[in-house]
Amino acid sequence: MYRTDSLALNTPLNLGVTLSSAQTFQWVRRGRGWIGATGDSVVYLLQTQNTVLFRVYGGGEWDPVSYFRLDDDYPTIIRSIGFDPIVRRLINSQPGLRVTRQDPWECLLMFVLSTNNNYKRIVKMTLNVNRAFGKKVKTEFGVVHLFPTLESLSAASLQELVGCGLGYRSKYVLELARALREGGVDLGRLRGKPYEEVRSTLLGLPGVGPKVADCVSLFSLEKLESFPIDTWIRRVLAELYPHLLGEHLYRVLKDESKSLGVSVYRAISQKMRNYFGVYAGYAQNQLYYHSKKLIKKGFTRRSKS
DNA sequence: CCGGAACCTTGTTG
DNA sequence: ACAACAAGGTTCC
């Protein structure tokens, strides 16, 4: 059983780009659209010119306006971060890459899985976890599993998680689910808290470091000023924004043989928030998505294939 | 607080 | 063919 609905777009959205831009790992291409499990629903999405068609299986609620943050004032955001010539050019070259508003638990789990990992495998691991712990829902594409609840995962065994291919992340996931279930942190309540408080709370959770905390803050907890720094953003900053960093931070960033210390990470992300402002996360998203072509290293590497 | 190594697994690179 | 490396980092020492 499902219901079908459609949304007429009055703001730019590129569905495929947004869903495959590594801010979420729960969507896969199916037919001409995308299918994904989130909340109490399995959702199938299809974009035509200026319309998003969506089917919601499983009886849950799902709202594309909320999920893709179409309620954000896009022109205002573009105006806010578009003072930067690089970001402005990227947005103009491909409008419609949006920042998602995900379920905090789902977002947190997927980004714990994302550490020292690649996109394809993160998607695969997420699907494995869904299959092992999520309720089944019948769709016209066959049986699809819901994203597992916090409760169902906290009851998992380490071995089951290893069986999902999570590797050494199995322990983090299990400890994370149990820590949340013990009631230490109510993720939903973090939405209303300021960035610094959200960040430090998330950092207290197993498997969560500065980068994961920033991603979860940005993609599920309304902290649009959050500016996650991963290996690609690191390269982009060293390559294109050295003047913002200062000599010391620039040299630290440039030397990729060393990982960023906590305080260096903090200093740099602070500088980027100061530079881009309250919508720094939108700018980060643009820079990340296009990073591989912005970086010489990535460019030369791929041009060989 | 900093530096460095270890870490599951899969796909790609040389 | 096959060792070495990278992949949206974090933890432990």
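Chain A is the first sequence line, chain B the second, and so forth, proteins listed ahead of strands; every chain is numbered from 1. This is a predicted model, so every value here is computed, not measured.
- Within 4.0 Å of A:S21, counting heavy atoms only, lies at least one base atom of the nucleic acid.
- Classified by interplanar angle (parallel below 30°, tilted 30° to 60°, perpendicular above 60°), the ring pair A:Y241/A:Y275 is perpendicular.
- Distance check on atom P: C:dG8 versus B:dA6 gives 23 Å, rounded to whole Å.
- A:R121 contributes no side-chain N or O that forms a donor-acceptor pair with the base of B:dT10 under 3.5 Å.
- Residue-to-nucleotide proximity on DNA chain B shows that, of A:R169 and A:V262, the 5′-proximal contact is made by A:V262.
- Counting only heavy atoms from C-beta on, A:N116 has its side chain closest to B:dC8 among C:dG8, C:dT10, B:dC8.
- B:dC8: no Watson-Crick or G-U partner with both key distances under 3.5 Å is found in any strand.
- Nucleotides B:dC7 and C:dC5 place their C1' atoms 15 Å apart, quoted to the nearest Å.
- Residues A:E222 and A:R101 form a side-chain contact, since some pair of their non-hydrogen atoms from C-beta on lies under 4.5 Å apart.
- Scanning atom types as modelled, one donor and one acceptor separated by under 3.5 angstrom connect the side chain of A:Y168 and the base of C:dG9.
- No contact: A:K120 has no heavy atom under 4.0 Å from any strand.
- One P atom belongs to C:dA6, the other to B:dA5, and the distance between them is 14 Å to the nearest Å.
- Residue whose closest nucleotide on DNA chain C sits further toward the 5' end, between A:P228 and A:L203: A:P228.
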Can you check ring pair (Phe, Tyr, Trp, His ring centres under 6.0 Å) on A:W27 and A:F68, steps first, answer last? CA-CA 13 Å; A:W27 299 91; A:F68 293 106; 7.3 Å; no

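- Nearest nucleotide to the side chain of A:R235, out of B:dC1, C:dT10, C:dA7: C:dA7.
- Residue A:G167 is in base contact, counting any heavy-atom pair closer than 4.0 Å across all strands shown.
- Using a 30° and 60° split on the angle between ring planes, A:F111 and A:F219 fall in the parallel class, below 30°.
- Here the separation of B:dG3 from C:dA7, taken at their C1' atoms, is 22 Å to the nearest Å.
- Residue-level contact check: A:E175 touches neither bases nor backbone, having no heavy atom under 4.0 Å from any strand.
- Toward the 5' end of DNA chain C, the nearer of the two residues A:I233 and A:Y172, judged by each one's closest nucleotide, is A:I233.
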